Amino acid sequence: MASLRPIIAICGTTGVGKSKLAVELALRITEGAVVINADAMQVYEGLDIITNKLPSEEMMGIPHLLMGYKKPGEQYVVGQWVEEAARAIDGIHDQNKIPIVVGGTSYWIQHLIFPDRLIGKGSGSPSTSRPSEDLLSKLTSEERDLFEKLPDSPQSASTDPDGALAMYKLLQTLDPTVAARWHWRDTRKVSRSLKIIAETGRLPSDIIAEQSETDLTARYRTLFFWLYAEPDALNPRLDQRVDQMLQQGLLEEVRLLKGLKSPIEQTEGDEKDVVDYTLGIYQSIGYREFDRYVELQNTGESQTAYELAVQSMKQSTRRYAKRQVSWIKNKLIPAVLRVNEGSVVGQTTAIYVLDATEVNDSWDDNVLRVADKITRDFLDKRSLPNPVELSPAAKTQLVVPEKPLRPSDALARRRKIVCPVCSLDPDRPVMIEEGEQWESHQRTRSHQRLARRRSDRQESPELP
Ligand SMILES: [Zn+2]
């Protein structure tokens, strides 16, 4: 573990100052540092306003990799980025410099630091063997026939309930643990579980249990900074930034992007150059909202369209910021906790909240100086402060979610149980998820009516 090489990762919402912090921190790292972009929009070339790229003079000579090198309509997915980022990081480490990964696309960062666990890890490559005779011997001859000829696509439970139930019973016989998770009407999940058994010869519940034992590991010794601002302070800043982007020429970029579409469409047959209007930069906040305005611009409706677009871009930006925070809380922090066995600071990974709620005068004290000190301790492998003690924001934000962290814990929850009262026809069992859903099901009018009718029938005294 100690041999893992160090990286710094800065995440947080849009407009909170991540790029600025990356550069300021890089300038203070004596080994030298290189910034790697982890923002899905900033990988596209040009269009500096719509993508919020840091102006090159503000990069202060710090190299920025994986930035501005894709064409606007090009599809670019997480796997490609992870591969390219990992290669770039190796290069930076080989020069004994420190990589700083920075960007708002937290799930990219997450996949980079915590590589996917593969099915069948520990037993070599995913196995493709046949199910054992031992397993198959549990099946009746009808079940065996069905298992040998699983349909390519799952049938619909409403048009073929008998078929759906037969598939469900087959799964119950083969892997009761995983069958308990699905409703028999959920033919997509039932069919997928059966296919895993047919194709790998292994039970889905075994695969899940094994994944739980394979502890999540970090690819690098990682110091996360989560740059955080209270929504009440952040939202007006985000609004202001939208206005600023418009002043700087956002609409020119929207027109440019729209313009890219038409000339390229004329080169028919040359698929390589076709700009996909739904991909990449065309998904960016700002483009979507002003697309219509640009079309209406010379008509009488344009003023209203403009105001609507501004409002809608501000709303989208706030919503995006909210989603970014929930990703960090619900995915990133749980992963850090798993790697560190329940702690926010461990041997390989640590996460700190930096409070950027107040800007201007407080930035140096609350953000930069704190980050710089922790970075120095991290790089020199000295002991690190307790993240929760760092600021009131850290204390409230770094809370451990109560969700199950391990896949096998998740499997043990949300089991479906058959309601004996509502299941009038044993071939059409009514299944309800245990816990809250079961509790509220028992209070439904239809369940209570049936329960009453049943007890009336049972308790009515026989007439002499
Ligand atoms: Zn019921």
Side-chain angles (χ1 to χ4, degrees), residues 131 135-136 138-147 149-198 202-209 211-212 326 330 334 401-464:
L135 185 65
L136 295 176
K138 291 179 184 171
L139 304 178
T140 64
S141 64
E142 287 93 22
E143 283 178 331
R144 194 155 176 157
D145 280 350
L146 181 59
F147 186 65
K149 297 184 204 93
L150 288 175
D152 283 335
S153 51
Q155 64 275 73
S156 141
S158 21
T159 56
D160 182 11
D162 293 321
L165 195 66
M167 292 272 280
Y168 182 76
K169 286 188 167 159
L170 175 62
L171 182 61
Q172 261 185 331
T173 313
L174 291 169
D175 190 347
T177 314
V178 90
R181 263 307 285 284
W182 313 142
H183 194 289
W184 67 273
R185 290 184 167 275
D186 197 347
T187 52
R188 205 173 49 82
K189 284 176 178 153
V190 171
S191 152
R192 169 134 177 77
S193 298
L194 284 170
K195 283 210 171 119
I196 290 175
I197 304 174
R202 308 181 55 212
L203 300 181
S205 61
D206 287 346
I207 294 172
I208 292 167
Q211 281 177 345
S212 306
S326 47
N330 297 319
E402 281 184 52
K403 283 190 183 159
L405 300 175
R406 292 157 62 92
S408 60
D409 293 340
L411 184 67
R413 291 186 184 200
R414 307 183 57 197
R415 276 182 298 224
K416 310 291 179 292
I417 40 186
V418 173
C419 177
V421 173
C422 298
S423 300
L424 302 174
D425 176 354
D427 286 336
R428 304 284 182 270
V430 173
M431 295 170 85
I432 316 289
E433 189 172 306
E434 65 185 5
E436 268 172 46
Q437 290 189 22
W438 174 242
E439 297 301 319
S440 64
H441 168 77
Q442 286 173 296
R443 289 192 299 267
T444 59
R445 207 174 288 177
S446 65
H447 174 94
Q448 292 196 343
R449 196 169 50 225
L450 284 167
R452 236 175 291 133
R453 210 185 293 167
R454 290 214 160 180
S455 66
D456 285 352
R457 213 179 298 150
Q458 278 158 15
E459 283 163 26
S460 58
E462 299 278 324
L463 291 171

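Given the structure is predicted, the values throughout are model-derived calculations rather than measurements. All ligand and atom numbering here is 1-based and tracks the order in the structure.
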Spell out, as yes or no, whether a donor-acceptor pair under 3.5 Å connects the side chain of [X] to the backbone of [Y].
X      : Y      : answer
Gln448 : Gln442 : yes
Thr173 : Lys169 : yes
Ser205 : Val178 : no

**Prompt:** What protein N, O or S atoms come within a distance below 2.8 Å of the Zn ion (ligand 1), ordered by chain and number?
**Reply:** Cys419 SG, Cys422 SG, His441 NE2, His447 ND1

**Spatial distance of atom CE (Met431) from atom CG (Asp186) [nearest 0.5 Å]** = 10.5 Å

**Request:** Find out whether Val190 and Gln172 are in side-chain contact, i.e. whether some heavy atom of one side chain is under 4.5 Å from a heavy atom of the other.
**Result:** no

**Prompt:** Can you name the side chain to side chain donor-acceptor pair (under 3.5 Å) partners of Ser326, sequence neighbours left out?
**Reply:** none

